[in-house]
Amino acid sequence: MTKSTDKQLVVGLDIGTSKVTALVGEVLPDSTINIIGHGSSPSKGMDKGGVNDLESVVKSVQRAIDQAELIADCRIESVFLSLSGKHINSLTEKGMVPISDKEVTQEDVDNVIHTAKSVKLSDELRTLHIIPQEFTIDYQEGIKNPVGLSGVRMQASVHMITCHNDMARNIEKAVERCGLTVDQLIFSGLASSYAVLTEDEKELGVCVVDIGGGTMDLAVWSGGALRHAEVIPYAGNAVTSDIAYAFGTPPSNAEDLKVNFGCALSELVSKDAKVDVPSVGGRPSRSLQSQTLAEVIEPRYSELLGLVKQKLVAVEEQMRNAGHKHHLAAGIVLTGGAAQIDGLVECAERVFRNQVRLGKPVGLSGLTEYVNSPTYATAVGLLHYGKESQLYDALEVEPRQSSSSTSMWRRVTNWLKREF
């Protein structure tokens, strides 16, 4: 949120391992987001989603915020902030209540959600999100909007995403030292889902894999609801490290080689193509076959995607045992800065034996040429999340959605958000 303007603005701040991104969006009357400001800076002091040098993170955040304020011509006071790291966990819980007056009211929905989320967590954990999946009234299962239906008792299934409280507090502290307030912490993988997925994909079954520098965020959707969230603490920086060690080049140059000349499938690279590789210690650069570079990159990306596949096999088994559709009929959506390398979609299709696409942010206007890239999926998703939250809080009406059931989902989620 920003002041010094009559516009309804929302700000997303994504503090990644490699880069800090700040986006300022104006919520237009038709509920779309118009990008009016952006800022970014190299991320210092972050490792695999966690803070290891607070002052360095503060400086990185301040640079990104200053740029965004300058372009948007406004004063940023609060942000919707992303969070990642291997401490992120998710679980599904159920609750049951009797139905008052034999017809479901909103109060009944509130009560059953409250019952489902009342699971005891350890003191070191914090609840980030509570996301309704489906309701059951007596013997009727799979209900998305129970309000107005008749029955005796109702059960709700909700998905909870938790984090380690100290890890969350550290990243909040870095933002607060820049004079900002954190409106809400949002799991990065959930934010990315809002930016790159369609409702059809969520219904059919899809997995978003946000590949950053230090972490890969997974979000599995099926039947229109989130079924699993997890973070793998290995990502694009592992590929960069392999290049640096294999060719004796500085990490910064290795990153440039990966981004500008790399390919995740060596057979797609021309045997005649070459690239200059900088050396260390004042030594002259060397000429290298691009295919040799790809032969270093491909095994590591295959390994990273293999880790994701192992997780998905376990998740699908859990979903099968719980009686849910477990097939990812819509396949895999890759996004994030480290997902932009050539040949990755083809490499992933071989690993997953499923359809794969590259996910780019959608539903935007304004400075779209800047954010129309997988790199900004999380930051754009924060804007979408913040827009829904602000619309509900400001207007106290249901946000605009594609269906009445989705509207109810958002209403319940916002009611729960206010409890934390």
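In what follows, every heavy atom counts, from backbone to side chain, and hydrogens, waters and symmetry copies are set aside.
Taking His228 as the reference, nothing meets the ring-ring contact (aromatic ring centres under 6.0 Å, His included) condition, with sequence neighbours excluded. With sequence neighbours left out, the side-chain hydrogen bond (donor to acceptor under 3.5 Å, both in side chains) criterion links Ser241 to no other residue. By the side-chain contact (heavy atoms from CB on, under 4.5 Å) test, Met167 is found to be paired with His87, His164, residues two or more places apart in sequence or in another chain being considered. Ser82 pairs by the side-chain hydrogen bond (donor to acceptor under 3.5 Å, both in side chains) definition with Asp14, not counting sequence neighbours. Among residues two or more places apart in sequence or in another chain, the side-chain hydrogen bond (donor to acceptor under 3.5 Å, both in side chains) test is passed with Glu176 by Arg169. Under the side-chain contact (heavy atoms from CB on, under 4.5 Å) criterion, Leu204 pairs with Ala329, Ala330, sequence neighbours left out. With sequence neighbours left out, Thr115 forms a side-chain contact (heavy atoms from CB on, under 4.5 Å) with Val97. The side-chain hydrogen bond (donor to acceptor under 3.5 Å, both in side chains) test applied to Lys311 returns Glu230, not counting sequence neighbours. Legend: residues meeting side-chain contact (heavy atoms from CB on, under 4.5 Å) with Glu298, ordered by chain and number and at least two apart, are Leu265, Ser266, Ser302.
Of the candidates Ile243, Leu293, Asn253, Ile243 is the only one forming a side chain to side chain contact (heavy atoms under 4.5 Å, CB included) with Lys258.
Residues in residues 285-295 take part in these side-chain hydrogen bond (donor to acceptor under 3.5 Å, both in side chains) pairs, two or more places apart or across chains: Ser279-Arg286. Judged as a ring pair (Phe, Tyr, Trp, His ring centres under 6.0 Å), not a single pair has a partner in residues 271-303 (not counting sequence neighbours).
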Does the salt bridge (Lys or Arg N to Asp or Glu O under 4.0 Å) test come out yes or no for Lys120 and Glu93, once each step is laid out? CA-CA 11 Å; Lys120 177 64 175 177; Glu93 294 292 336; over 6 Å; no

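Of the possible donor and acceptor atoms, none in the side chain of Asn372 sits under 3.5 Å from a partner among the backbone N and O of Thr368.
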Just distance, no hydrogens or angles: give the donor-acceptor pairs under 3.5 Å from side chains in residues 38-46, sequence neighbours left out.
| from | atom 1 | to | atom 2 | distance (Å) |
| --- | --- | --- | --- | --- |
| Ser40 | OG | Tyr370 | OH | 3.4 |
| Ser41 | OG | Ser60 | O | 2.7 |
| Ser43 | OG | Gly16 | O | 2.6 |

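Across every non-hydrogen atom of Val351 and Gly306, the tightest pair is CG1-N, 4.0 Å.
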